[in-house]
Each structure stands twice: as structure tokens, then as C-alpha cells.
Amino acid sequence: MNTLVIYTHPNHRSLSYAFLQEVLRGSKENTKINEVKVLDLYEAGFDPVLVFNENKRRRDMYRDPELAEYREQLLWADQVVLVYPIWWGRPPAMLMGYIDRMFASGFAYRDKGGLLPEGLLKGKSVVCISVMKGPTHYPLLWLNNSHKALMRKALFNFVGIRKVKFFEFGNMESPKGKQSRKLEQIYRYFKTAR
């Protein structure tokens, strides 16, 4: 299994970065994982801004040469792991910009004229690892599960990815947040994931 880890946090001293390290540590010990590539969106200088004009048309976005390397990464991956914080009830704008630019018609899905498109990224799996300052159940109870609905229904199911796992860790700025236990949980998951 080829694993692409997309890390989205500007600080390498963050708890998100610690979770990234546990993903890598567990993956390294997992014999089912052949290779792991890390895409650090901030470090790579990924431009999350969509631009459409007379030279850049939306319908041609799936073949934008500026994004060719990123498309190759997604096609290569059997498993995509997203590591990011929850800010204002959703992933950071940098990750949302990556999604806006990468999951384009002609690459991630194809319109068939019906209600739903044909997902072109079938057979892949996704693991979302997110941390937040607020309580663990804040997105579920206060925001009607909008984070998971956004990622699972509005994005991944739309492009054909049905296997989506979430780790939403809340209270991460609290001394009672059990950070060490949650980091160990991620390590164990990736050490044994199939």
C-alpha cells in the first residue's frame, strides 16, 4: 500500500506535527505499507488560491501543469492521510484550497449528466486526523457534524472514495487532553492498518 500524508499546519512544533510523526512511525513498522510520501502544504509553498480568467479556465483545471506533481501523488496513493487542525469548525484554508484545486472535474470526478458524478478516485482510502482546542464532541453537537459531512459526503464520496476514517481529537490545549494517549493511538493504528 502506498500512503500519501498531507500535513497542513504552519508550525512544526505543533501537536499536529507530533501526530504526523506518529503516523510516520507507525507506518514505518507496518509491513502492509510499501512507501510513504509526505506533502507538507506550507513547506511546499502550495498556492491554495483558485484563479480563473481568460487564460485559466475552470474546465481545464484538471490538466493545469502547475498541479501535475500533486495529481501524480494522488494517483500514486492507495491511502491518503490528512493531518490538520480544526480552526473555526473546519480544516484550515490551506487544505481547503488544496481540495478546491486538486479535486477537479476530469481528474477526481466526471459529470455524467445525472444527479451524481462518476468518482474517478475509486479504490482509495482516506484517514483524517484532526485536532482542536474545543471539546471532542463540539463538531458533532454544536455544528451538526459539519466537519465529517464536509469531508466524507461533500468531498470523498463525491470523488468515489468510500473508505474514510476520522480521528477527531478535542481538548488538545488542556492539560487533561490526554495527548500522549491519543498520539499512541495514532501510532498503533498505522502500525497495524491494512
More than 12 heavy atoms from other groups under 6.0 Å of NZ on Lys28: no
Can you find a heavy atom in the side chain of [X] that is under 4.5 Å from one in the side chain of [Y]?
X	Y	value
Pro85	Pro92	yes
Leu150	Leu155	no
Lys178	Gln185	no
Phe190	Ile129	yes
Val159	Leu120	no
Tyr42	Asn11	no
Pro117	Arg110	no
Val126	Lys163	no

Derivation and outcome, side-chain contact (heavy atoms from CB on, under 4.5 Å), residues Ile6 and Val83: CA-CA 6 Å; Ile6 301 172; Val83 181; over 6 Å; no
Testing the basics here: between [X] and [Y], what is the closest heavy-atom pair and its distance to 0.1 Å?
X	Y	value
Ser16	His9	OG-CD2, 3.7 Å
Ile186	Glu22	CG2-CB, 4.2 Å
Ala93	Pro48	O-CB, 4.3 Å

[X] side chain to [Y] side chain, donor-acceptor N/O pair below 3.5 angstrom:
X	Y	answer
Glu29	Tyr187	yes
Tyr7	Ser14	yes
Asp40	His12	yes
Gln79	Thr3	yes

What's the spacing between [X] [atom1] and [Y] [atom2] if we round to 0.5 Å?
X	Y	atom1	atom2	value
Ile99	Thr8	CD1	OG1	8.0 Å
Lys191	Ser27	NZ	OG	12.0 Å
Thr192	Lys32	OG1	NZ	11.5 Å

Check against side-chain contact (heavy atoms from CB on, under 4.5 Å), Met102 and Leu67: CA-CA 7 Å; Met102 294 308 304; Leu67 302 175; 4.1 Å; yes
N-O pairing of Lys124 and Asp78 below 4.0 Å: no
Electrostatic pair Lys112-Glu118, nearest N-O below 4.0 angstrom: no
Tyr109/Phe103 aromatic ring centres below 6.0 Å: no
Plane angle bin for Phe19 and Phe169 - parallel if under 30°, tilted between 30 and 60°, otherwise perpendicular: parallel
Over-ring placement of Arg101 relative to Phe46, 6.0 Å and 45° cut-offs: yes
Cation over ring face, Lys165 and Phe167, 6.0 Å, 45°: yes
Quick one: does [X]'s side chain have a donor or acceptor within less than 3.5 Å of a partner on [Y]'s backbone?
X	Y	value
Arg71	Phe107	no
Arg162	Asn157	yes
Asp111	Gly113	no
Asn34	Asn2	no

Flag yes if [X] and [Y] sit in one hydrophobic cluster, no otherwise; membership is Ile, Leu, Val, Met, Phe, Trp, Tyr, and two members link when side-chain heavy atoms are under 4.5 Å apart.
X	Y	answer
Phe156	Leu75	yes
Leu50	Leu41	no
Met61	Tyr98	no

side-chain contact (heavy atoms from CB on, under 4.5 Å) between Leu4 and Val81, intermediate numbers included: CA-CA 6 Å; Leu4 173 64; Val81 180; over 6 Å; no
Working for side-chain contact (heavy atoms from CB on, under 4.5 Å), residues Val164 and Met151: CA-CA 9 Å; Val164 182; Met151 300 304 275; 5.7 Å; no
Residue pair Glu184, Arg25: steps toward the salt bridge (charged side-chain N to carboxylate O under 4.0 Å, His left out) verdict: CA-CA 10 Å; Glu184 181 68 19; Arg25 185 169 73 104; 3.7 Å; yes
